[in-house]
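Notes follow once the structure below has been shown.
Computed from a prediction, not measured in an experiment: that's the story for all the values here. For the numbers below, each heavy atom of this structure counts, side chains included, while hydrogens, waters and symmetry mates do not.
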2 protein chains.
Amino acid sequence: MGRTSDAKERLIEAMIELIWTGSYGTTSVDHICEKAGVKKGSFYHFFESKTACALTAIEYSWAEHRKQLDQTFSPVNAPLDRIWKCFADFQREQREMQEKHGRVLGCPIHSLGAEVSTIDDKLRDKLQEILSQFIRYYESAIRDAHYQGIIEAPDAPALARILFAYGEGLLLHARMWNDLSHLNEMEAGARRILGVPDSES
Amino acid sequence: MGRTSDAKERLIEAMIELIWTGSYGTTSVDHICEKAGVKKGSFYHFFESKTACALTAIEYSWAEHRKQLDQTFSPVNAPLDRIWKCFADFQREQREMQEKHGRVLGCPIHSLGAEVSTIDDKLRDKLQEILSQFIRYYESAIRDAHYQGIIEAPDAPALARILFAYGEGLLLHARMWNDLSHLNEMEAGARRILGVPDSES
DNA sequence: ATTCAAATTAACCAACCGGTCAACTTGACC
DNA sequence: GGTCAAGTTGACCGGTTGGTTAATTTGAAT
(Lines give C-alpha, C1' and ligand atoms only; values in the text may rest on other atoms or scores of the structure.)
Protein backbone atom coordinates (compact mmCIF):
# COMPACT_ATOMS: atom_id res chain seq x y z
CA MET A 1 0.00 0.00 0.00
CA GLY A 2 2.92 2.37 0.40
CA ARG A 3 3.07 5.25 2.82
CA THR A 4 0.14 7.59 3.52
CA SER A 5 -0.01 11.39 3.53
CA ASP A 6 -2.33 14.33 4.09
CA ALA A 7 -0.38 16.48 1.66
CA LYS A 8 -3.19 16.35 -0.88
CA GLU A 9 -5.68 17.77 1.63
CA ARG A 10 -3.20 20.46 2.63
CA LEU A 11 -2.73 21.42 -1.02
CA ILE A 12 -6.48 21.57 -1.56
CA GLU A 13 -7.04 23.78 1.46
CA ALA A 14 -4.12 26.02 0.53
CA MET A 15 -5.49 26.49 -2.97
CA ILE A 16 -8.99 27.32 -1.75
CA GLU A 17 -7.65 29.90 0.66
CA LEU A 18 -5.33 31.50 -1.88
CA ILE A 19 -8.02 31.74 -4.54
CA TRP A 20 -10.46 33.16 -2.03
CA THR A 21 -8.12 35.74 -0.56
CA GLY A 22 -6.61 36.60 -3.92
CA SER A 23 -7.48 35.34 -7.37
CA TYR A 24 -6.91 32.35 -9.59
CA GLY A 25 -4.34 34.24 -11.62
CA THR A 26 -2.27 35.29 -8.62
CA THR A 27 -2.43 31.81 -7.09
CA SER A 28 0.67 30.11 -8.44
CA VAL A 29 1.55 26.48 -7.93
CA ASP A 30 4.64 27.63 -6.04
CA HIS A 31 2.52 29.67 -3.63
CA ILE A 32 0.16 26.77 -3.05
CA CYS A 33 3.07 24.45 -2.32
CA GLU A 34 4.71 26.93 0.02
CA LYS A 35 1.50 27.46 1.99
CA ALA A 36 0.87 23.71 2.18
CA GLY A 37 4.48 22.93 3.10
CA VAL A 38 4.79 20.65 0.09
CA LYS A 39 7.35 20.50 -2.68
CA LYS A 40 6.24 21.09 -6.24
CA GLY A 41 7.11 17.56 -7.29
CA SER A 42 4.54 16.30 -4.80
CA PHE A 43 1.95 18.70 -6.17
CA TYR A 44 2.24 17.09 -9.57
CA HIS A 45 2.25 13.67 -7.94
CA PHE A 46 -1.28 14.36 -6.68
CA PHE A 47 -2.63 16.59 -9.45
CA GLU A 48 -1.98 16.47 -13.15
CA SER A 49 -2.27 20.24 -13.51
CA LYS A 50 -3.10 23.46 -11.71
CA THR A 51 -6.57 23.35 -13.23
CA ALA A 52 -7.10 19.79 -12.00
CA CYS A 53 -6.17 20.85 -8.47
CA ALA A 54 -8.56 23.79 -8.65
CA LEU A 55 -11.33 21.49 -9.86
CA THR A 56 -10.75 19.13 -6.95
CA ALA A 57 -10.50 22.00 -4.49
CA ILE A 58 -13.77 23.53 -5.65
CA GLU A 59 -15.54 20.19 -5.46
CA TYR A 60 -14.16 19.57 -1.96
CA SER A 61 -15.15 23.03 -0.78
CA TRP A 62 -18.66 22.71 -2.16
CA ALA A 63 -19.13 19.27 -0.61
CA GLU A 64 -18.26 20.80 2.77
CA HIS A 65 -20.63 23.67 2.22
CA ARG A 66 -23.49 21.43 1.18
CA LYS A 67 -23.54 19.78 4.57
CA GLN A 68 -24.46 23.04 6.21
CA LEU A 69 -26.86 24.06 3.47
CA ASP A 70 -28.73 20.78 3.87
CA GLN A 71 -29.21 21.62 7.52
CA THR A 72 -30.16 25.23 6.86
CA PHE A 73 -32.66 24.34 4.16
CA SER A 74 -34.13 21.38 6.00
CA PRO A 75 -37.83 21.05 5.12
CA VAL A 76 -38.40 20.97 8.86
CA ASN A 77 -37.71 24.69 8.99
CA ALA A 78 -40.32 27.18 7.86
CA PRO A 79 -39.68 28.08 4.19
CA LEU A 80 -38.67 31.69 4.62
CA ASP A 81 -36.76 30.92 7.82
CA ARG A 82 -34.50 28.71 5.72
CA ILE A 83 -33.59 31.70 3.60
CA TRP A 84 -33.10 34.03 6.56
CA LYS A 85 -30.93 31.42 8.25
CA CYS A 86 -28.92 31.04 5.07
CA PHE A 87 -28.31 34.79 5.02
CA ALA A 88 -27.30 34.69 8.68
CA ASP A 89 -24.85 31.92 7.79
CA PHE A 90 -23.44 34.08 5.01
CA GLN A 91 -22.92 36.93 7.43
CA ARG A 92 -21.30 34.71 10.02
CA GLU A 93 -18.96 33.16 7.48
CA GLN A 94 -17.97 36.49 6.04
CA ARG A 95 -17.34 37.89 9.51
CA GLU A 96 -15.13 34.93 10.34
CA MET A 97 -13.17 35.41 7.14
CA GLN A 98 -12.71 39.09 7.84
CA GLU A 99 -11.42 38.31 11.31
CA LYS A 100 -9.07 35.69 9.90
CA HIS A 101 -7.77 37.44 6.79
CA GLY A 102 -8.52 41.10 7.45
CA ARG A 103 -10.79 41.27 4.44
CA VAL A 104 -14.35 40.43 3.45
CA LEU A 105 -13.94 37.76 0.79
CA GLY A 106 -17.38 37.30 -0.74
CA CYS A 107 -18.35 34.16 -2.63
CA PRO A 108 -15.31 32.33 -4.05
CA ILE A 109 -17.40 30.53 -6.66
CA HIS A 110 -18.62 33.78 -8.08
CA SER A 111 -15.34 35.65 -7.94
CA LEU A 112 -13.63 32.73 -9.58
CA GLY A 113 -16.40 32.47 -12.14
CA ALA A 114 -16.08 36.12 -13.08
CA GLU A 115 -12.35 35.63 -13.59
CA VAL A 116 -12.10 32.35 -15.45
CA SER A 117 -15.42 31.74 -17.20
CA THR A 118 -14.15 33.05 -20.52
CA ILE A 119 -10.79 31.32 -20.16
CA ASP A 120 -11.11 27.85 -18.68
CA ASP A 121 -13.98 25.68 -19.89
CA LYS A 122 -13.61 22.93 -17.32
CA LEU A 123 -13.56 25.31 -14.38
CA ARG A 124 -16.49 27.24 -15.80
CA ASP A 125 -18.57 24.07 -16.19
CA LYS A 126 -17.86 23.03 -12.63
CA LEU A 127 -18.74 26.45 -11.25
CA GLN A 128 -21.96 26.49 -13.26
CA GLU A 129 -22.89 23.12 -11.86
CA ILE A 130 -22.32 24.25 -8.28
CA LEU A 131 -24.26 27.48 -8.69
CA SER A 132 -27.13 25.59 -10.31
CA GLN A 133 -27.25 23.30 -7.32
CA PHE A 134 -27.23 26.24 -4.94
CA ILE A 135 -30.18 27.88 -6.65
CA ARG A 136 -32.21 24.74 -5.98
CA TYR A 137 -32.09 25.45 -2.26
CA TYR A 138 -33.74 28.81 -2.80
CA GLU A 139 -36.11 27.28 -5.32
CA SER A 140 -37.55 24.64 -3.02
CA ALA A 141 -37.87 27.11 -0.15
CA ILE A 142 -39.72 29.52 -2.43
CA ARG A 143 -41.97 26.77 -3.78
CA ASP A 144 -42.85 25.66 -0.26
CA ALA A 145 -43.53 29.23 0.77
CA HIS A 146 -45.79 29.68 -2.25
CA TYR A 147 -47.75 26.50 -1.53
CA GLN A 148 -48.19 27.57 2.07
CA GLY A 149 -49.56 30.87 0.87
CA ILE A 150 -46.79 32.86 2.54
CA ILE A 151 -45.67 34.47 -0.70
CA GLU A 152 -47.04 34.80 -4.22
CA ALA A 153 -44.54 33.00 -6.47
CA PRO A 154 -46.03 30.81 -9.18
CA ASP A 155 -42.66 30.62 -10.97
CA ALA A 156 -40.32 29.41 -8.24
CA PRO A 157 -37.22 28.80 -10.43
CA ALA A 158 -37.39 32.29 -11.89
CA LEU A 159 -37.78 33.91 -8.48
CA ALA A 160 -34.97 31.79 -7.10
CA ARG A 161 -32.66 33.04 -9.86
CA ILE A 162 -33.58 36.62 -9.05
CA LEU A 163 -32.93 36.11 -5.36
CA PHE A 164 -29.69 34.35 -6.11
CA ALA A 165 -28.40 37.01 -8.47
CA TYR A 166 -29.18 39.62 -5.85
CA GLY A 167 -27.40 37.73 -3.08
CA GLU A 168 -24.31 37.13 -5.15
CA GLY A 169 -24.24 40.74 -6.23
CA LEU A 170 -24.36 41.85 -2.60
CA LEU A 171 -21.58 39.46 -1.59
CA LEU A 172 -19.42 40.84 -4.37
CA HIS A 173 -20.04 44.37 -3.15
CA ALA A 174 -19.09 43.33 0.36
CA ARG A 175 -15.83 41.98 -1.07
CA MET A 176 -15.12 45.07 -3.16
CA TRP A 177 -15.86 47.48 -0.33
CA ASN A 178 -14.36 45.20 2.31
CA ASP A 179 -17.43 46.05 4.35
CA LEU A 180 -19.66 43.59 6.17
CA SER A 181 -22.41 46.16 6.60
CA HIS A 182 -23.43 45.67 2.98
CA LEU A 183 -24.80 42.32 4.08
CA ASN A 184 -27.05 43.84 6.72
CA GLU A 185 -29.58 44.85 4.09
CA MET A 186 -29.61 41.36 2.58
CA GLU A 187 -32.81 40.32 4.29
CA ALA A 188 -34.52 43.62 3.54
CA GLY A 189 -33.70 43.27 -0.13
CA ALA A 190 -34.85 39.67 -0.18
CA ARG A 191 -38.14 40.70 1.41
CA ARG A 192 -38.75 43.13 -1.43
CA ILE A 193 -37.86 40.48 -4.02
CA LEU A 194 -40.05 37.84 -2.41
CA GLY A 195 -42.84 40.26 -1.70
CA VAL A 196 -42.88 39.77 2.08
CA PRO A 197 -43.78 42.77 4.25
CA ASP A 198 -41.32 43.56 7.04
CA SER A 199 -43.90 42.76 9.69
CA GLU A 200 -44.44 39.16 8.61
CA SER A 201 -41.93 36.38 9.12
CA MET B 1 6.14 69.67 -29.59
CA GLY B 2 7.56 66.47 -31.06
CA ARG B 3 5.61 63.98 -33.11
CA THR B 4 2.05 62.93 -32.32
CA SER B 5 0.60 59.43 -32.01
CA ASP B 6 -2.59 57.55 -31.28
CA ALA B 7 -0.65 54.63 -29.80
CA LYS B 8 -1.83 55.50 -26.31
CA GLU B 9 -5.48 55.27 -27.33
CA ARG B 10 -4.82 51.97 -29.12
CA LEU B 11 -3.18 50.58 -25.99
CA ILE B 12 -6.10 51.70 -23.84
CA GLU B 13 -8.65 50.10 -26.13
CA ALA B 14 -6.63 46.92 -26.40
CA MET B 15 -6.39 46.63 -22.64
CA ILE B 16 -10.10 47.18 -22.11
CA GLU B 17 -10.96 44.52 -24.67
CA LEU B 18 -8.48 41.99 -23.29
CA ILE B 19 -9.63 42.48 -19.69
CA TRP B 20 -13.25 42.23 -20.74
CA THR B 21 -12.86 39.14 -22.88
CA GLY B 22 -10.46 37.50 -20.46
CA SER B 23 -9.21 38.69 -17.11
CA TYR B 24 -6.71 41.09 -15.62
CA GLY B 25 -4.35 38.25 -14.81
CA THR B 26 -4.34 36.82 -18.31
CA THR B 27 -3.93 40.24 -19.86
CA SER B 28 -0.17 40.65 -20.21
CA VAL B 29 1.61 43.76 -21.33
CA ASP B 30 2.93 41.77 -24.28
CA HIS B 31 -0.60 40.84 -25.35
CA ILE B 32 -1.77 44.42 -25.05
CA CYS B 33 1.13 45.62 -27.15
CA GLU B 34 0.60 42.97 -29.79
CA LYS B 35 -3.11 43.76 -30.09
CA ALA B 36 -2.41 47.50 -30.26
CA GLY B 37 0.44 47.06 -32.73
CA VAL B 38 2.82 48.81 -30.39
CA LYS B 39 6.23 47.81 -29.06
CA LYS B 40 6.65 47.30 -25.35
CA GLY B 41 9.07 50.18 -25.03
CA SER B 42 6.30 52.49 -26.21
CA PHE B 43 3.91 51.02 -23.66
CA TYR B 44 6.21 52.10 -20.87
CA HIS B 45 6.73 55.42 -22.58
CA PHE B 46 3.00 56.15 -22.13
CA PHE B 47 2.32 54.28 -18.87
CA GLU B 48 4.52 53.83 -15.87
CA SER B 49 3.10 50.37 -15.12
CA LYS B 50 0.48 47.83 -16.12
CA THR B 51 -1.68 49.03 -13.24
CA ALA B 52 -1.40 52.64 -14.39
CA CYS B 53 -2.55 51.63 -17.85
CA ALA B 54 -5.49 49.71 -16.42
CA LEU B 55 -6.44 52.72 -14.31
CA THR B 56 -6.41 54.98 -17.34
CA ALA B 57 -8.29 52.42 -19.42
CA ILE B 58 -11.03 52.04 -16.83
CA GLU B 59 -11.40 55.78 -16.49
CA TYR B 60 -11.57 56.19 -20.26
CA SER B 61 -14.12 53.42 -20.61
CA TRP B 62 -16.32 54.81 -17.86
CA ALA B 63 -16.18 58.31 -19.32
CA GLU B 64 -17.47 56.89 -22.61
CA HIS B 65 -20.21 54.98 -20.83
CA ARG B 66 -21.36 57.96 -18.84
CA LYS B 67 -22.29 59.81 -21.99
CA GLN B 68 -24.92 57.23 -22.77
CA LEU B 69 -26.06 56.88 -19.17
CA ASP B 70 -26.64 60.62 -18.98
CA GLN B 71 -28.94 60.31 -21.97
CA THR B 72 -30.69 57.22 -20.66
CA PHE B 73 -31.27 58.69 -17.22
CA SER B 74 -32.25 62.12 -18.47
CA PRO B 75 -34.81 63.64 -16.09
CA VAL B 76 -36.92 64.24 -19.19
CA ASN B 77 -37.69 60.50 -19.29
CA ALA B 78 -40.23 58.99 -16.92
CA PRO B 79 -38.40 57.64 -13.84
CA LEU B 80 -39.00 53.95 -14.39
CA ASP B 81 -38.55 54.27 -18.14
CA ARG B 82 -35.00 55.38 -17.44
CA ILE B 83 -34.35 52.09 -15.70
CA TRP B 84 -36.04 49.99 -18.38
CA LYS B 85 -34.09 51.81 -21.06
CA CYS B 86 -30.90 51.20 -19.11
CA PHE B 87 -31.66 47.49 -19.05
CA ALA B 88 -32.40 47.54 -22.77
CA ASP B 89 -29.02 49.20 -23.29
CA PHE B 90 -27.39 46.45 -21.24
CA GLN B 91 -29.02 43.82 -23.41
CA ARG B 92 -28.05 45.53 -26.62
CA GLU B 93 -24.45 45.97 -25.51
CA GLN B 94 -24.16 42.37 -24.38
CA ARG B 95 -25.65 41.17 -27.66
CA GLU B 96 -23.15 43.24 -29.61
CA MET B 97 -20.29 41.83 -27.56
CA GLN B 98 -21.52 38.30 -28.11
CA GLU B 99 -21.69 38.87 -31.85
CA LYS B 100 -18.22 40.38 -31.83
CA HIS B 101 -16.39 38.01 -29.48
CA GLY B 102 -18.58 34.91 -29.43
CA ARG B 103 -19.19 35.29 -25.72
CA VAL B 104 -21.39 37.24 -23.32
CA LEU B 105 -18.96 39.36 -21.35
CA GLY B 106 -20.98 40.85 -18.50
CA CYS B 107 -19.86 43.97 -16.63
CA PRO B 108 -16.10 44.50 -16.87
CA ILE B 109 -16.03 46.69 -13.77
CA HIS B 110 -17.54 43.95 -11.67
CA SER B 111 -15.56 41.07 -13.10
CA LEU B 112 -12.40 43.07 -12.64
CA GLY B 113 -13.48 44.05 -9.14
CA ALA B 114 -14.06 40.44 -8.15
CA GLU B 115 -10.58 39.58 -9.38
CA VAL B 116 -8.41 42.40 -8.10
CA SER B 117 -10.19 43.98 -5.12
CA THR B 118 -8.13 42.03 -2.59
CA ILE B 119 -4.89 42.48 -4.54
CA ASP B 120 -4.60 45.96 -6.00
CA ASP B 121 -5.69 48.89 -3.84
CA LYS B 122 -5.55 51.54 -6.52
CA LEU B 123 -7.62 49.56 -8.98
CA ARG B 124 -10.10 48.67 -6.25
CA ASP B 125 -10.55 52.31 -5.25
CA LYS B 126 -11.16 53.35 -8.84
CA LEU B 127 -13.69 50.57 -9.40
CA GLN B 128 -15.50 51.47 -6.19
CA GLU B 129 -15.71 55.08 -7.31
CA ILE B 130 -17.21 54.12 -10.66
CA LEU B 131 -19.76 51.75 -9.17
CA SER B 132 -20.76 54.35 -6.61
CA GLN B 133 -21.38 56.81 -9.42
CA PHE B 134 -23.44 54.26 -11.32
CA ILE B 135 -25.69 53.61 -8.36
CA ARG B 136 -26.58 57.29 -8.31
CA TYR B 137 -28.36 56.93 -11.65
CA TYR B 138 -30.66 54.31 -10.14
CA GLU B 139 -30.98 56.35 -6.99
CA SER B 140 -32.25 59.50 -8.63
CA ALA B 141 -34.64 57.55 -10.84
CA ILE B 142 -36.03 55.76 -7.79
CA ARG B 143 -36.33 58.98 -5.83
CA ASP B 144 -38.22 60.62 -8.69
CA ALA B 145 -40.49 57.59 -9.00
CA HIS B 146 -41.21 57.70 -5.29
CA TYR B 147 -41.89 61.42 -5.34
CA GLN B 148 -44.30 60.94 -8.25
CA GLY B 149 -46.08 58.20 -6.32
CA ILE B 150 -45.22 55.50 -8.86
CA ILE B 151 -43.45 53.33 -6.31
CA GLU B 152 -43.13 53.21 -2.53
CA ALA B 153 -39.45 53.81 -1.77
CA PRO B 154 -38.73 56.15 1.14
CA ASP B 155 -35.08 55.00 1.22
CA ALA B 156 -33.93 55.56 -2.35
CA PRO B 157 -30.20 54.89 -1.79
CA ALA B 158 -30.90 51.53 -0.14
CA LEU B 159 -33.28 50.44 -2.87
CA ALA B 160 -30.82 51.59 -5.53
CA ARG B 161 -28.14 49.39 -3.98
CA ILE B 162 -30.50 46.42 -4.00
CA LEU B 163 -31.41 46.98 -7.62
CA PHE B 164 -27.78 47.43 -8.52
CA ALA B 165 -26.60 44.29 -6.75
CA TYR B 166 -29.30 42.36 -8.54
CA GLY B 167 -28.40 43.74 -11.95
CA GLU B 168 -24.72 43.05 -11.52
CA GLY B 169 -25.44 39.54 -10.28
CA LEU B 170 -27.51 38.87 -13.39
CA LEU B 171 -24.82 40.22 -15.71
CA LEU B 172 -22.30 37.94 -14.06
CA HIS B 173 -24.58 34.98 -14.58
CA ALA B 174 -24.97 35.90 -18.23
CA ARG B 175 -21.18 35.90 -18.50
CA MET B 176 -20.74 32.62 -16.69
CA TRP B 177 -23.45 30.86 -18.71
CA ASN B 178 -22.56 32.68 -21.91
CA ASP B 179 -26.29 33.14 -22.31
CA LEU B 180 -28.09 36.35 -23.15
CA SER B 181 -31.46 34.95 -22.11
CA HIS B 182 -30.53 35.45 -18.47
CA LEU B 183 -30.97 39.15 -19.12
CA ASN B 184 -34.53 38.74 -20.37
CA GLU B 185 -35.81 38.47 -16.82
CA MET B 186 -33.96 41.59 -15.74
CA GLU B 187 -37.02 43.83 -15.94
CA ALA B 188 -39.26 41.27 -14.24
CA GLY B 189 -36.82 41.00 -11.35
CA ALA B 190 -36.51 44.75 -11.11
CA ARG B 191 -40.29 45.08 -11.00
CA ARG B 192 -40.39 42.78 -7.98
CA ILE B 193 -37.60 44.71 -6.30
CA LEU B 194 -39.18 48.07 -6.99
CA GLY B 195 -42.66 46.83 -6.18
CA VAL B 196 -44.18 47.66 -9.58
CA PRO B 197 -46.96 45.38 -10.90
CA ASP B 198 -46.40 44.00 -14.41
CA SER B 199 -49.41 45.90 -15.73
CA GLU B 200 -48.12 49.34 -14.80
CA SER B 201 -45.30 51.08 -16.58
C1' DA C 1 15.61 74.18 -43.22
C1' DT C 2 16.56 73.50 -38.57
C1' DT C 3 15.43 72.17 -34.15
C1' DC C 4 14.19 69.30 -30.47
C1' DA C 5 10.58 67.19 -27.85
C1' DA C 6 8.08 63.25 -28.29
C1' DA C 7 7.48 58.66 -30.24
C1' DT C 8 9.56 54.32 -31.66
C1' DT C 9 12.43 50.41 -31.61
C1' DA C 10 14.91 46.14 -30.36
C1' DA C 11 17.66 44.10 -27.31
C1' DC C 12 17.89 42.99 -22.65
C1' DC C 13 16.83 41.69 -17.53
C1' DA C 14 15.84 38.95 -13.30
C1' DA C 15 12.02 36.70 -11.49
C1' DC C 16 8.49 33.72 -12.00
C1' DC C 17 5.32 30.65 -14.56
C1' DG C 18 3.36 25.69 -15.10
C1' DG C 19 5.33 21.48 -15.58
C1' DT C 20 8.93 17.34 -15.66
C1' DC C 21 11.87 13.83 -13.90
C1' DA C 22 14.89 10.51 -11.84
C1' DA C 23 16.59 9.50 -7.56
C1' DC C 24 15.38 8.74 -2.96
C1' DT C 25 12.74 7.87 1.50
C1' DT C 26 9.13 6.12 3.93
C1' DG C 27 5.81 3.12 6.20
C1' DA C 28 1.68 -0.13 5.70
C1' DC C 29 1.12 -4.94 4.88
C1' DC C 30 2.34 -9.78 4.69
C1' DG D 1 11.88 -7.76 8.80
C1' DG D 2 11.65 -7.59 4.03
C1' DT D 3 9.01 -5.82 0.16
C1' DC D 4 7.35 -2.45 -2.81
C1' DA D 5 3.75 0.88 -3.70
C1' DA D 6 3.20 5.46 -2.59
C1' DG D 7 5.06 9.81 -1.06
C1' DT D 8 8.99 13.03 -1.20
C1' DT D 9 12.72 15.76 -2.95
C1' DG D 10 15.50 19.17 -5.51
C1' DA D 11 17.29 20.15 -9.65
C1' DC D 12 15.87 21.33 -14.03
C1' DC D 13 13.15 23.11 -18.41
C1' DG D 14 11.55 26.48 -21.94
C1' DG D 15 8.55 30.12 -22.04
C1' DT D 16 6.48 34.30 -20.13
C1' DT D 17 6.07 37.90 -16.80
C1' DG D 18 6.43 43.09 -15.78
C1' DG D 19 9.77 46.27 -16.54
C1' DT D 20 14.32 48.85 -18.38
C1' DT D 21 17.44 51.19 -21.49
C1' DA D 22 19.95 53.58 -24.93
C1' DA D 23 19.91 54.53 -29.52
C1' DT D 24 17.11 56.11 -33.22
C1' DT D 25 13.34 58.09 -36.01
C1' DT D 26 9.87 61.23 -36.63
C1' DG D 27 7.20 65.42 -37.44
C1' DA D 28 5.15 69.81 -35.47
C1' DA D 29 6.65 74.43 -34.55
C1' DT D 30 9.74 77.98 -35.38
| note | Of dT17(D), dG19(D), dT8(D), the nucleotide closest to the side chain of S49(B) is dG19(D)
| request: Return the nearest nucleotide to the side chain of K40(A); candidates are dT8(C), dT8(D), dG18(C). | output: dG18(C)
| field | Minimum-distance nucleotide to H45(A) side chain [options: dA6(D), dT25(D), dC17(C)] | value | dA6(D)
| task | Compare the minimum distances between each of dT17(D), dG18(C), dT9(D) and the side chain of V29(A), then state the nucleotide with the smallest one. | result | dG18(C)
| Phosphate OP1/OP2 of dC17(C) contacted by S28(A) side-chain N/O (<4.0 Å) | yes
| Nucleotide of dC17(C), dA7(C), dT8(D) approaching F46(A) most closely (side-chain heavy atoms) | dT8(D)
| Below 4.0 Å: OP1/OP2 of dT8(C) and any side-chain N or O of S5(B) | yes
| So which nucleotide from dT17(D), dT8(C), dT8(D) ends up closest to the side chain of A7(B)? | dT8(C)
| remark: Ranking K50(B) and K39(A) by the position along DNA chain D of their nearest nucleotide, the one closer to 5' is K39(A)
| query | If you pin Y44(B) and T4(B) to their nearest nucleotides in DNA chain D, which one's is more 5'? | reply | Y44(B)
| task | Show the numbers, then the answer: is there a side-chain contact (heavy atoms from CB on, under 4.5 Å) between T118(A) and R175(B)? | result | CA-CA 8 Å; T118(A) 59; R175(B) 176 181 170 96; 3.5 Å; yes
| NZ or CZ of K85(A) within 45° of F73(A) ring axis and under 6.0 Å | no
| remark: Per atom distances to the D30(B) side chain, the nearest of dT17(D), dA6(C), dG27(C) is dT17(D)
